[in-house]
Amino acid sequence: MALTGTTLRVRGEVASTEDIIIEGRIEEGPLWCEGQAVTVASTASIAGDIVARNITVFGAVAGLLLATDVVTIRESATVTGRVISPRLT
């Protein structure tokens, strides 16, 4: 699943039961994707918490990143908030 389009803006809670790629904006989250993977593209901006199995950030996130497996923060990313995960790369 993908929330595509750099001009896409979602306000409020987003929940997914499959892997998700975010390319637009999520305001006033959270993003729930328990047991799945979340990728925040370089064009994306998320203001809210993310809960998932794996979280990979290329874009901007302001909030809690809670992963049951791994959080990967790429060089292009900007993260403001707490990261809770067994592994951080």
Side-chain angles (χ1 to χ4, degrees):
M1 178 178 172
L3 290 178
T4 60
T6 58
T7 60
L8 177 69
R9 185 177 102 186
V10 176
R11 177 171 276 162
E13 182 176 320
V14 175
S16 177
T17 57
E18 57 186 275
D19 294 350
I20 189 168
I21 300 169
I22 309 294
E23 293 181 346
R25 294 174 58 184
I26 296 178
E27 300 172 350
E28 302 172 23
L31 170 57
W32 298 96
C33 199
E34 293 185 65
Q36 305 302 323
V38 171
T39 301
V40 180
S42 61
T43 57
S45 174
I46 298 178
D49 300 339
I50 302 175
V51 178
R53 182 188 74 241
N54 298 334
I55 302 169
T56 303
V57 182
F58 292 92
V61 177
L64 170 71
L65 300 180
L66 175 60
T68 56
D69 187 20
V70 63
V71 172
T72 303
I73 300 174
R74 300 296 185 181
E75 187 174 326
S76 61
T78 302
V79 176
T80 305
R82 293 177 58 200
V83 176
I84 300 172
S85 176
R87 295 186 302 145
L88 176 64
T89 62

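In what follows, every heavy atom counts, from backbone to side chain, and hydrogens, waters and symmetry copies are set aside.
Between the side chain of Thr43 and the main chain of Glu23, a donor-acceptor pair closer than 3.5 Å is present.
Put simply, CZ on Arg11 and CZ on Arg25 are 8.5 Å apart, with the number rounded to the nearest 0.5 Å. In this structure, Ile55 CD1 and Gln36 CD are separated by 12.5 Å, a value rounded to the nearest 0.5 Å. Atom-to-atom distance recorded for Arg87:CZ and Ser85:OG is 7.5 Å, nearest 0.5 angstrom. Put simply, OG1 on Thr68 and CG on Asn54 are 7.0 Å apart, with the number rounded to the nearest 0.5 Å. Of the inter-residue distances, the one linking Arg53 atom CZ with Asp19 atom CG reads 6.0 Å to the nearest 0.5 angstrom.
Phe58 shares a hydrophobic cluster with no other residue; no ILVMFWY side chain has heavy atoms under 4.5 Å from its own. By the 4.5 Å side-chain criterion applied to Ile, Leu, Val, Met, Phe, Trp and Tyr, Val70 is assigned to no cluster and stands alone.
Using modelled atom types and a 3.5 Å distance limit, the side chains of Thr39 and Thr56 yield no donor-acceptor pair.
With a 4.5 Å cut-off on side-chain heavy atoms, Val40 and Ile46 count as touching.
Between Glu27 and Arg9 there is a salt bridge, since a side-chain N of the basic residue sits under 4.0 Å from a carboxylate O of the acidic one.
A side-chain contact (heavy atoms from CB on, under 4.5 Å) with Val71 is found for one member of Ile50, Leu66, Leu65 and no other, namely Leu65.
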